[in-house]
Amino acid sequence: MSGVPKRVGVIGGGRMGAGIAQVFAAAGAVVTVVERDPGAAAAARERVATGLQRAAERGKLAEDAVVVLERVELSGELPGDAGLVVEAVPEDAALKVQVLAAAESAVGEGTVLATNTSSLSIAGIAEGLRHPERFVGMHFFNPVPASSLVEIVVGPQTADAVRDAAASWAAELGKTAVVVRDSPGFATSRLGVLLGLEAIRMLEEGVADAASIDRAMELGYRHPMGPLRSTDLVGLDVRLAIAEHLHRELGERFAPPRLLREKVARGELGRKAGQGFYSWEAS
């Protein structure tokens with residue numbers, strides 16, 4: 001199999017969904033972003049357009065941004081002939097089960113269904129599907145266009161051909177695929193969240209300020225970004241939800257710190273809110 005599917009559906013046009021749509025469109029696919037609310041659809045298109053323009057300015061697009069954007073459609077319904085559908089709705093297991101079950105009914109027998117979940121059980125989400133062998137995790141990272149990794153998560157019933165196709169598509173997007181078995185937090189969230197939670201506890205205890213904690217990891221361990229700045233980019237609310245899930249599944253080492261809960265309660269959600277562990281200018 002070579003190339004990305006000719007037609008791709010992306011359910012959800014938030015920051016992640018828009019980024020996924022952008023990279024598939026840039027790779028040549030016609031992409032339908034599913035958003036039924038007109039306001040959300042307009043916002044999704046603006047995110048894709050802005051992302052493409054930024055990519056063009058950095059010399060990362062092989063075509064003109066306007067040409068690529070023409071391959072992105074906004075609709076309330078999935079195209080029946082999609083070769084791949086990626087779900088990118090919020091991290092709510094029940095919502096994902098509902099959305100993917102509806103997607104399965106709307107597409108053909110050969111369509112691969114994927115979830116962008118960063119921590120939820122692939123097996124659990126697949127319980128709502130008639131054909132779980134066609135379902136796989138494709139965990140993209142934020143910001144999608146700039147990230148070089150896609151975590152391919154294999155459920156207990158995922159077909160080998162589907163796993164291989166997902167890894168091949170990731171390569172066509174210019175990304176490296178890492179294949180992992182379905183388990184709480186997979187590989188990336190399990191390790192990344194644990195480091196982030198400990199950094200928040202250190203900040204809470206006054207060990208050092210946020211910039212110093214981050215700089216220590218960047219310079220001492222060659223991390224490209226410190227754990228607190230990374231949490232701001234992911235979203236403190238997203239990190240809290242993942243931590244709560246891992247706390248239930250894996251125990252006390254994933255218990256969310258008080259400071260994280262307090263900042264989420266105050267609406268200090270990171271870059272998207274203008275304030276997290278750092279202050280951010282509007283983007």
Side-chain angles (χ1 to χ4, degrees), residues 1-5 8 10 12 14-29 31 47-48 50-63 65 68 71-72 84 86-88 91 112 114-119 122 136-154 162-183 185-196 199 214-215 217-235 238-239 242 270-272 283:
M1 180 179 296
S2 62
V4 296
V8 173
V10 177
R15 187 182 294 272
M16 291 301 298
I20 294 167
Q22 176 183 328
V23 296
F24 273 105
V31 182
R47 289 187 189 99
V48 176
T50 299
L52 286 170
Q53 186 59 44
R54 289 174 177 170
E57 290 169 357
R58 296 194 302 270
K60 300 296 185 180
L61 278 185
E63 300 175 273
V68 178
R71 292 198 289 268
V72 179
L84 168 68
V86 183
E87 163 274 308
E91 287 287 274
V112 171
T115 175
N116 185 52
T117 183
S118 58
S119 65
I122 300 299
V136 67
M138 291 187 74
H139 177 203
F140 290 84
F141 291 79
N142 185 31
V144 176
S147 175
S148 58
L149 176 66
V150 178
E151 190 174 33
I152 307 298
V153 188
V154 179
V162 169
R163 174 203 62 205
D164 294 345
S168 173
W169 294 332
E172 292 290 341
L173 299 176
K175 303 184 185 302
T176 298
V178 173
V179 178
V180 302
R181 180 177 59 84
D182 184 23
S183 61
F186 316 138
T188 54
S189 291
R190 186 164 173 173
L191 288 170
V193 168
L194 193 62
L195 179 62
D214 280 350
R215 194 175 302 114
M217 297 309 296
E218 291 163 2
L219 300 180
Y221 289 87
R222 298 186 179 180
H223 288 200
M225 182 183 299
L228 296 172
R229 185 172 294 273
S230 175
T231 297
D232 269 12
L233 293 183
V234 169
V238 174
R239 181 135 290 180
I242 296 171
R271 183 175 67 174
K272 61 188 174 185
S283 61

As an exercise, state the distance from [atom1] of [X] to [atom2] of [Y], rounded to the nearest 0.5 Å.
| X | Y | atom1 | atom2 | value |
| --- | --- | --- | --- | --- |
| Met138 | Leu84 | CE | CG | 6.0 Å |
| Ile242 | Thr117 | CD1 | OG1 | 7.5 Å |
| Arg239 | Thr231 | CZ | OG1 | 3.5 Å |

Beyond-backbone contact of [X] with [Y], side-chain heavy atoms, under 4.5 angstrom:
| X | Y | value |
| --- | --- | --- |
| Arg54 | Gln22 | no |
| Pro145 | Lys60 | no |
| Met16 | Val238 | no |
| Val234 | Asn142 | no |

Heavy-atom pair with the smallest gap, counting every atom of [X] and [Y]:
| X | Y | value |
| --- | --- | --- |
| Phe186 | Glu151 | CB-OE2, 3.4 Å |
| Ala177 | Ile152 | CB-CG1, 3.9 Å |
| Leu195 | His223 | CD2-CE1, 3.6 Å |
| Ala26 | Leu61 | CB-CD2, 3.8 Å |
| Phe141 | Leu149 | CD1-O, 3.4 Å |
| Val48 | Ala18 | CG2-O, 3.7 Å |

Are the side chain of [X] and the backbone N or O of [Y] linked by a donor-acceptor pair below 3.5 Å?
| X | Y | answer |
| --- | --- | --- |
| Asn116 | Gly17 | no |
| Lys175 | Val144 | yes |
| Ser230 | Met225 | no |
| Ser168 | Asp164 | no |

Show your reasoning for whether side-chain contact (heavy atoms from CB on, under 4.5 Å) applies to Trp169 and Val8. CA-CA 11 Å; Trp169 294 332; Val8 173; over 6 Å; no

Between Thr115 and Ile122, is the side-chain contact (heavy atoms from CB on, under 4.5 Å) condition met? List the steps. CA-CA 8 Å; Thr115 175; Ile122 300 299; 3.5 Å; yes

